[in-house]
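In what follows, a single structure is set out as C-alpha cells and then discussed.
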Amino acid sequence: MKTIKNLFIFCYALMIVLLSLATFWKQFYHAWWMILLWGLLAAGSTIFVLRQKLYRKNIAAFSLHCALIIILAGALTTYISAKNGSITLYKNAPPATYDFPFALQLQNFEVQTYKGTNSPSDYVSTVLVIDKDTSAEIISMNNILSKRGYRFYQASFSTNENSSTLLYSCDPYGVAITYAGYFLFFISTVLLLLKNFSTQKKVITVCLLSFFTQPFSAYAQSDITSDSLTLNTGAAAEWAKTPVVYNGRITPLQTTAVDFTKKLTGKKSYKYANAAQFLAGWQYFPQKWAEVPVFRIKNQQLKQIIFGEQLHEYATLLDLFDEHGDYKLIPFYNEFYTQGQQSAFVKEASALNEKVQVLMMLQNGELYSLADPQHVSRRHLMFEYYYERIALFDWLFIVVLTMGIISLILNFVHFKIILRLDKIFLYISLVITALGYIAYWITGNHIPLSNGHETMLFLALVLLIITLAVRVRKFYSFGLFLSGLVLLTANIANKNPQITSLVPVLNSPWLALHVSLMMISYALFAIIFAVSLIHFILLPFKRANVPDDLNTLCNKLHLPATLLMGCGIFTGAIWANVSWGRYWGWDPKEVWALITFMLAIIPLHLRFKNPSAVHGFTLLIGAAILMTYFGVSAFLGGLHSY
C-alpha cells in the first residue's frame, strides 16, 4: 500500500510540473501518456477512497472525491466520442445538410448594438432548421441552438459576404457526465461547508451569499495662461455635462475628458486645467496646445530622436515632427506592432505614438460624437458626471492603506486602542468601498467583473467583508493592509481607464458567478498567505510562533478557499461551454487555475509536522495564484484577455 501511495504522490507531482511546462513550451495535453497519467491519478484516488472507507466516515468528502473522478471520466468520454467543427452559412444560399441529420439555411444575420451607440451588444443569426418539421431558430452569443444532439454557437460573421460562421459540437455523453460531476461537486461543497457551520459560520455565510447572489506636477515650465488656452472653469463644467457617444457608451463628456487627460499626461489634470478644460483646450485651441510641452520623455534614445542634441524632459506635439512636417516615429511603426519582447525604447515610443493617435482621433471627430437626445437618461448621465468628478477610487487606496499601516504599527507596539481603531477603520473602509463599487456598477451598466481593474475592486471589497466576518481581531490590521494593497493595484491597473460596454461573450450570468467565486477564493488565500508571511518575517528574530488564533484562522479558511476555487473553475467551464461550445480548452489561464487547485488540495491530505513547511507551501500556493491572475496575462496571453 505504501508503494502505491508513493507512486500516486509521484504521479500527482509530475502532473503539476508537466501542466506548468506545457503552458510555456509544448502543449502535449492530448498525448497518450498524459491521458494515461490522468488515468493513474483517477485509479489511485479511487483505491484510497475505498481503502479509507470514506463513504462511512464522511459522506460529503466521499461524494466530493467521486465528483472529481466523474469529471475526469466525462473529459475522457468527450475526448473519445465528441465531434467538433465549424460551418459557414450564406444568406440566400440553398439549405445545406453538411454531416448533420437535418439541413440549415441562414435567413438573416444582425449585429445588435447598445441603445444609442454603434457598440455591439450581440451577434444574432436567424437560421431555418429543416428536419421533420421546419422552424426558425435564433443563435447568438450565450444563446445556443440544440438539435438532435448537436449544439451550434455563434462564432463570427462577414457583413460583406452576408455570411455567419457557427461552431458546432456533438457531445451528448461527455457533457452529461461532466455536468453530473460538476453538480455533485457543488452539492458536496455545500455539505462540507455546512458540516463545520458552527465554527466557520461567518466565512461560510459570506461565501454562500456571494455564490447565490452574484448572478442576479512636475511638468515643464510654460508661459501659457488660462485665458489664452481653454474655457474658464464654469463654462468647462457645463460643457462636460454634454451627452456624447464615447467608446461604445452614452456618457457625459466628463468621462471622455478624464480618459483623454490621463492618456496624455498620466494624471486627471494639467497644471491649472482640469480634465474638461484640458480636452476643451486641445479641441478648440489645437495650434496653441501643439506648442505646450505635455509629453514626458524618459528614454535617452527617444530623446535624441525627438530633440537631437538638446535633450529636454518634456516634448510638445510640434517636437514630434521635423521641419518638413514628417512624423519622427514613422520609421519605428513595424516595431510597435511586433509580437514578443520589446525594448524599453520601443515600449515608450509606442506609448507616445498612442497619445498622438488619440489627438488625431480628437481632431478628426473620431474620439466621440454627440448623442441622440432620445436615448439619453439625464439621471444616469448626471450620476456618472459626479462619479467621475469625485473619482473615489483614485484616493480610496491611500485612505485604506494608511489606516492599515497605522493599525499594523499600533498592533506591533501593543496599544490597547488598536482594539477599537481597527474595527472602526474596517467599517469605514468597507462602507466607502461598497458604495464606490455600487456606483461603478451603476455607471458601467454591468456587474464590474469583466476586467482586471474591476475584479481587483471586488477582491478588495471581499477582503474587507471576510476580515470582519472571521472576527479575529489580531488580523484586522492585516486585512485592512491587504485590501489597501489590492486597491493600490487596481488604481495602477486603471491608469488608462475606459468603462465600456461589455463585449457580447462577457454578457453572461455565468461570468459573474465564475469571477466572484474565484475572487472570494483568492481573498481567503490572501489572508492565509499574509499569515504565512508573518511567520517568515518573525523567523529571523526567533519569534516564528504565529499566534494560535491566526493559525486556527488559516486552518478554518483553507477548506472553503479550496472548495470555492474548485466551484469557480467549474462554473467557468460551464460558461465556456455555453459561450464557445467546449467546457475545457487548455487555455493557459485555465491550466494555471487547475495547477493552483491541485496545489491547494495537498495540505488537505498531507500532514506537515514542521510549521515552516506548512507556511512555505502556502506561499507556493500564493505564487501560483499570482501566476494565474497576473503572470498568464503578462507572459502567456490566451482567451482570457479582453
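Quick note: residue numbers are just sequence positions, from 1.
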* Which residues satisfy the side-chain contact (heavy atoms from CB on, under 4.5 Å) test with I59, sequence neighbours excluded? -> F62
* Asked: Distance-only, no hydrogens or angles: does the S483 side chain make a donor-acceptor pair with backbone N or O of A460 under 3.5 Å?
  -> yes
* Asked: Under 6.0 Å between ring centres, would you say that holds for F152 and F100?
  -> yes
* **F183, CZ: over 12 other non-hydrogen atoms inside 6.0 angstrom** => no
* To the nearest 0.5 Å, how far apart are NZ in K147 and CZ in F102? -> 7.0 Å
* To do: Check whether any side-chain N or O of E590 sits under 3.5 Å from a backbone N or O of D587 as a donor-acceptor pair, and report yes or no.
  => yes
* Asked: Under 4.0 Å between a Lys/Arg side-chain N and an Asp/Glu carboxylate O for R148 and D131?
  -> yes
* Atom pair CG (L482) and CG (L464), whose distance is rounded to the nearest 0.5 Å -> 10.0 Å
* Donor-acceptor pair, side chain of S521 and main chain of L517, under 3.5 angstrom -> no
* Taking the side chain as C-beta and beyond, is there a heavy-atom pair between Y98 and L89 under 4.5 Å? -> yes
* Structure fact -> Tightest non-hydrogen contact, residues A593 and M565, listed as O-SD, 4.4 Å
* Pairs where residues 176-194 contributes a residue and the test side chain to side chain donor-acceptor pair (under 3.5 Å) is met, not counting sequence neighbours -> S63-S188, T178-Y583, Y179-N577
* For the residue pair F28 and W33, does the interplanar ring angle fall in the parallel (under 30°), tilted (30 to 60°) or perpendicular (over 60°) class? -> tilted
* Asked: Would you say the side-chain atoms of T77 pair up with the backbone N or O of A73, donor to acceptor, closer than 3.5 Å?
  -> yes
* Asked: When rounded to the nearest 0.5 angstrom, what distance separates CG in L64 from CG in L191?
  -> 10.0 Å
* To do: Please examine the side chains of L128 and L104, heavy atoms only from C-beta on, and report whether any two atoms are closer than 4.5 Å.
  => no
* To do: Check whether any side-chain heavy atom of Q107 lies under 4.5 Å from a side-chain heavy atom of K91, and answer yes or no.
  => no
* Asked: Once the angle between the rings of Y440 and F393 is folded into 0 to 90°, is it parallel (under 30°), tilted (30 to 60°) or perpendicular (over 60°)?
  -> perpendicular
* Structure fact -> In terms of heavy-atom contacts, L599 and A624 come closest through CD1-CB, 3.8 Å
* To do: Kindly indicate whether the side chain of V124, heavy atoms from C-beta on, has any atom under 4.5 Å from the side chain of I139.
  => no
* Structure fact -> Between L463 and A523, the two heavy atoms sitting closest are CD2-O, 3.4 Å
* To do: Could you verify whether a donor N or O on one side chain and an acceptor N or O on the other, from Q154 and S125, lie under 3.5 Å apart?
  => yes
* Indicate, with yes or no, if the rings of Y153 and Y168 have centres closer together than 6.0 Å. => no
* To do: Identify the two heavy atoms, one from P560 and one from L193, that lie closest to each other, and give their separation to 0.1 Å.
  => CB-CD2, 3.6 Å
* To do: Quick one: do F109 and V111 satisfy side-chain contact (heavy atoms from CB on, under 4.5 Å)? Show the steps, please.
  => CA-CA 7 Å; F109 178 81; V111 179; 3.6 Å; yes
* Do T571 and M518 come close enough that some side-chain heavy atom pair is under 4.5 Å? -> no
* Exercise: identify the closest heavy-atom pair between A42 and I69 -> O-CD1, 4.2 Å
* Asked: Taking side chain as C-beta onward, heavy atoms only, is F570 less than 4.5 Å from H514?
  -> no
* **Close side-chain approach of F8 to L40, heavy-atom, < 4.5 Å** => no
* Asked: Once you round to the nearest 0.5 Å, how far does CG of L192 lie from CZ of F185?
  -> 9.0 Å
* To do: Test C66 against L184 for side-chain contact (heavy atoms from CB on, under 4.5 Å), laying out the working first.
  => CA-CA 8 Å; C66 290; L184 184 58; 4.2 Å; yes
* Asked: Are H65 and F48 an aromatic pair by the rule of ring centers under 6.0 Å?
  -> no
* Asked: So, Y150 side chain and L145 main chain: donor-acceptor pair closer than 3.5 Å or not?
  -> no
* **F617 CZ: over 12 foreign heavy atoms closer than 6.0 Å** => yes
* Asked: How long is the gap from CD on Q105 to OG1 on T126, to the nearest 0.5 Å?
  -> 12.0 Å
* To do: Carefully, step by step, assess F525 and H558 under the rule side-chain contact (heavy atoms from CB on, under 4.5 Å).
  => CA-CA 7 Å; F525 273 117; H558 194 98; 3.8 Å; yes
* To do: Report the distance from atom CD1 of I621 to atom OG1 of T596, rounding to the nearest 0.5 Å.
  => 8.5 Å
* Structure fact -> Scanning both residues in full, the closest heavy-atom pair of I35 with H30 reads CD1-O, 3.9 Å
* Asked: Can you find a pair of side-chain heavy atoms, one from L461 and one from L430, that are under 4.5 Å apart?
  -> yes
* Can a donor-acceptor pair be found between the side chains of T165 and T88 at a distance below 3.5 Å? -> yes
* Asked: Passes side-chain contact (heavy atoms from CB on, under 4.5 Å), L76 versus L72? Steps please.
  -> CA-CA 6 Å; L76 179 62; L72 287 177; over 6 Å; no
* Under 30°, 30 to 60°, or over 60°: which ring-plane class applies to F458 and Y437, parallel, tilted or perpendicular? -> tilted
